Novice: 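Let me give you the structure first, and then I'll get to my questions.
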Amino acid sequence: MSTKPQPLPGVLELIPYVGGESKAEGNQRIIKLSSNEGALGPSPSVGAALEKIAGEMHRYPDGGSTELREAIGQRWGLDPARIVCGAGSDELITLLVRAYCAPGDNIVYSQHGFLMYAINATAAGAASIAVPEKNLTADIDAILAAVNGRTRLVFLANPNNPTGSVVDSETVARLAAGLPPHVILVLDAAYAEYVSGNEYSAGAELVDRHPNVVMLRTFSKIFGLGGVRLGWAYCPGDIADVLNRVRSPFNVSLAAQAAGVAALADRAHMDAQKRNNDEMLPWFAGEVEKLGLKPWPSVGNFLLVDFHDAGKAESARLALKADGILVRQMGGYGLGTCLRVTIGVREEMEAVVASLSAWAKQQGKG
Ligand SMILES: *Cc1c(COP(=O)(O)O)cnc(C)c1O
């Protein structure tokens with residue numbers, strides 16, 4: 001008999017998710033490029049919308065996020081009845097695992113996929129199967145081969161964070177078609193709005209075609225609203241119904257709903273975020289290459305920079321930090337020779353390149 005309260009097996013072995021750093025001692029100005037937050041911040045219309053509801057904060061929000069779901073549906077041509085909003089897409093990941101996974105079940109995800117999938121599975125007493133990647137890209141055939149009778153969910157971040165790699169829509173369609181009907185495919189499209197070109201799809205058409213495919217989206221990246229916590233799932237009707245049963249009744253705050261509606265209305269701001277990324281991502285990748293480092297190809301608002309050596313990556317991270325520039329350590333993802341750098345505005349990226357160049361010069365001397 002245990003003498004104290006015990007959580008589910010596995011919970012005490014969990015390593016809590018560590019977010020991007022936000023402080024660097026001794027620096028007046030911080031350039032925070034550690035969490036893939038939209039470079040331009042939120043639309044100014046979000047501030048105006050929040051001011052407008054400031055006097056209403058004593059009221060509970062609309063538990064169904066009705067206006068927001070309608071705005072999302074209109075924006076992307078989706079059925080609002082099959083959209084479920086959450087406190088970030090993180091909450092929707094948690095709800096999917098909670099609703100569909102029991103102890104002894106498993107989830108399948110790609111080796112360098114987003115860490116929250118495995119963390120949620122462990123919290124539910126379920127196992128996680130990490131499927132090896134090819135060239136830091138999800139291997140769809142290997143994922144299909146890893147699925148077994150106890151698999152309940154397959155998670156595919158597309159584009160993937162932190163690698164920046166993407167799987168084309170035909171291949172994702174093959175994954176959806178190849179899964180047994182008891183398995184839900186979760187397409188986590190947190191960076192969908194940054195992707196150009198028509199070989200990519202966030203997956204809404206697969207949700208419409210299959211009873212077991214869900215697409216997740218977030219307001220935390222291109223919409224610059226990570227601080228309000230807002231994400232959404234587009235689901236088959238039965239899965240939307242399940243999520244609406246397990247979520248808490250007021251899971252999306254009044255502020256988050258108002259901010260989301262205002263952000264969606266400001267098309268120009270989203271376009272400006274994309275333009276900044278389209279300009280700065282290739283520029284930064286080119287500069288990284290000039291320094292003799294490897295930029296992994298990325299379609300998101302971040303770049304995985306490979307230093308080919310874990311000690312060098314850490315020494316560069318500390319040099320950047322000493323200059324007030326925060327980037328993301330990748331050891332937790334099994335990519336210890338790399339750093340992930342969020343794409344900021346030009347001035348910020350120039351500061352990163354200047355800091356990295358100084359570091360590289362120092363290395364050359366040593
Ligand atoms: C940032 C991110 C999310 C989640 O963001 P929320 O802030 O919880 O909406 C989900 N998946 C991936 C791959 C991400 O990078």
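Atoms within each ligand, like the ligands themselves, are counted from 1 in listed order. Please read all numbers here as calculations on a predicted model, not as lab measurements.
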Novice: Of all the atoms in ligand 1, which lie at a distance below 4.0 Å from a heavy atom belonging to N161?
Specialist: 13 (C), 14 (C), 15 (O)
Novice: Report, in ascending order of atom number, the atoms of ligand 1 lying under 4.0 Å from any heavy atom of A190.
Specialist: 2 (C), 11 (N), 12 (C), 14 (C)
Novice: So, E67 side chain and V261 main chain: donor-acceptor pair closer than 3.5 Å or not?
Specialist: no
Novice: For S355 and V352, indicate whether the former's side chain and the latter's backbone hold a donor-acceptor pair under 3.5 Å.
Specialist: no
Novice: Relative to ligand 1, is Y191 under 4.0 angstrom through side chain, backbone, both or neither, heavy atoms considered?
Specialist: side chain
Novice: Going by the order shown, which atoms of ligand 1 are within less than 4.0 Å of some heavy atom of S220?
Specialist: 6 (P), 7 (O), 9 (O)
Novice: Only heavy atoms of T218, strictly under 4.0 Å: list the atoms of ligand 1 that pass.
Specialist: 5 (O), 6 (P), 7 (O), 9 (O)
Novice: Is the ring pair F250/Y60 parallel, tilted or perpendicular, if the boundaries are 30 and 60 degrees?
Specialist: tilted
Novice: Using a 4.0 Å heavy-atom cut-off, which part of D188 comes near ligand 1: side chain, backbone, both, or neither?
Specialist: side chain
Novice: Which atoms from ligand 1 have a heavy atom of D90 less than 4.0 Å away?
Specialist: 8 (O)
Novice: Using heavy-atom distances only, which candidate in R217, K221, R229 approaches atom 8 (O) of ligand 1 most closely?
Specialist: R229
Novice: For the residue pair F114 and Y117, categorise the inter-ring angle as parallel (less than 30°), tilted (30 to 60°) or perpendicular (more than 60°).
Specialist: perpendicular
Novice: For ligand 1, is any non-hydrogen atom under 4.0 Å from M116's backbone (N, CA, C, O), its side chain (CB onward), both, or neither?
Specialist: neither
Novice: What atoms in ligand 1 come closer than 4.0 Å to a heavy atom of G88?
Specialist: 6 (P), 8 (O), 9 (O)
Novice: Any salt bridge linking R346 with E350? Criterion: basic side-chain nitrogen under 4.0 Å from a carboxylate oxygen.
Specialist: yes
Novice: As a quick check of understanding, evaluate ring pair (Phe, Tyr, Trp, His ring centres under 6.0 Å) for W296 and F302, giving each step before the final call.
Specialist: CA-CA 10 Å; W296 283 91; F302 54 90; over 10 Å; no
Novice: Under the salt bridge (charged side-chain N to carboxylate O under 4.0 Å, His left out) test against E21, which residue among R317, K32, R340 passes?
Specialist: R317
Novice: Whether the N120 and T94 side chains hold a donor-acceptor pair (N or O, under 3.5 Å, no angle test) is what I'd like checked.
Specialist: yes
Novice: Please state which part of S89 comes within less than 4.0 Å of ligand 1, counting heavy atoms only: side chain, backbone, both or neither.
Specialist: both
